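For reference, the structure discussed in these notes is given below.
Since we're looking at a predicted model, the values are computed, not measured.
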Amino acid sequence: MIALRLDPGSGVSTYLQIVHQVRQAVQLGVLREGDQLPTVKEVVGALAINPNTVLKAYRELEHEGLAVGRPGVGTFITRTLTSPSPEEQTRLRAELGRWVDRATDAGLDIETMVGLLRSVVNQASGSAVA
């Protein structure tokens, strides 16, 4: 089961944070086809948010074709997303960990690291937005 969390300082709406976390969990293989998402009641209890926010996130996942709701049963992942193999993910995670260690040693805080990562990703994808 995925444990959802919220970052109130991210500037991203609550429902989109949920959508992004579920999508990422599917990409990383944490959630697989057929896995059940936490119930709306469980998410509301864990995050202290409005049930309509969770329903909106789950509807968005359904609209993307990533999940399906079954009345009275729950919401389930319907497909997987292409991602690197678990071995490749482990290698990339280790490389990123070494980079974070070097960045920390250089005095960077997490916000600056995230900003650097975003700028590199945007540059690689051809986006001018940092």
Handout entry: Smallest separation among heavy atoms of Ala57 and Tyr15, with atom names
Key = CB-O, 3.5 Å

Which donor-acceptor pairs under 3.5 Å do the side chains of residues 93-106 make with protein atoms, sequence neighbours left out?
from	atom 1	to	atom 2	distance (Å)
Glu95	OE2	Arg91	NH1	2.1
Thr104	OG1	Val100	O	2.9

Handout entry: Linked, directly or transitively: Ile49 and Val12 (ILVMFWY side chains, under 4.5 Å)
Key = yes

Problem - Flag for Ser119-Asn122: side-chain donor and acceptor within less than 3.5 Å - result: no

Exercise for the section: Indicate, with yes or no, if Leu55 and Leu6 share a hydrophobic cluster defined by side-chain heavy-atom contacts under 4.5 Å among Ile, Leu, Val, Met, Phe, Trp and Tyr. Expected result: yes

Exercise for the section: Check the pair Glu64, Arg23 against side chain to side chain contact (heavy atoms under 4.5 Å, CB included), reporting the backbone distance first and the verdict last. Expected result: CA-CA 10 Å; Glu64 292 179 11; Arg23 194 180 302 130; 2.6 Å; yes

Exercise for the section: State, without any angle test, whether Thr75 and Gln36 hold a side-chain donor-acceptor pair at a distance under 3.5 Å. Expected result: no

Handout entry: Rounded distance (nearest 0.5 Å) linking atom OG of Ser10 with atom NE2 of His20
Key = 9.5 Å

Exercise for the section: Might you work through the side chain to side chain contact (heavy atoms under 4.5 Å, CB included) test for Leu4 and Val43, ending with a clear yes or no? Expected result: CA-CA 7 Å; Leu4 299 169; Val43 176; 3.9 Å; yes

Practice task
Without swapping roles, check the side chain of Glu60 against the backbone of Leu16 for a donor-acceptor pair under 3.5 Å.
Solution key: no

Problem - Approximate separation, where rounding is to 0.5 Å, of Leu47 CG and Ile18 CD1 - result: 6.0 Å

Problem - Co-membership, hydrophobic cluster, residues Leu108 and Leu117, 4.5 Å side-chain - result: no

Handout entry: For Ile77, the option from Val68, Val22, Ile2 that meets side-chain contact (heavy atoms from CB on, under 4.5 Å)
Key = Val22

Handout entry: Spatial distance of atom OG1 (Thr112) from atom CG (Asp109) [nearest 0.5 Å]
Key = 3.5 Å

Fill in the blank from the handout: d(Thr53 OG1, Gln17 CD) to nearest 0.5 Å is 11.0 Å

Completion exercise
CG of Leu61 to CG of Leu37, rounded to nearest 0.5 Å, is 6.5 Å

Problem - Exceeds 12 heavy-atom contacts within 6.0 angstrom, atom CZ of Arg79 - result: yes

Problem - Cluster link Val114 to Leu28, ILVMFWY, side chain under 4.5 Å - result: no

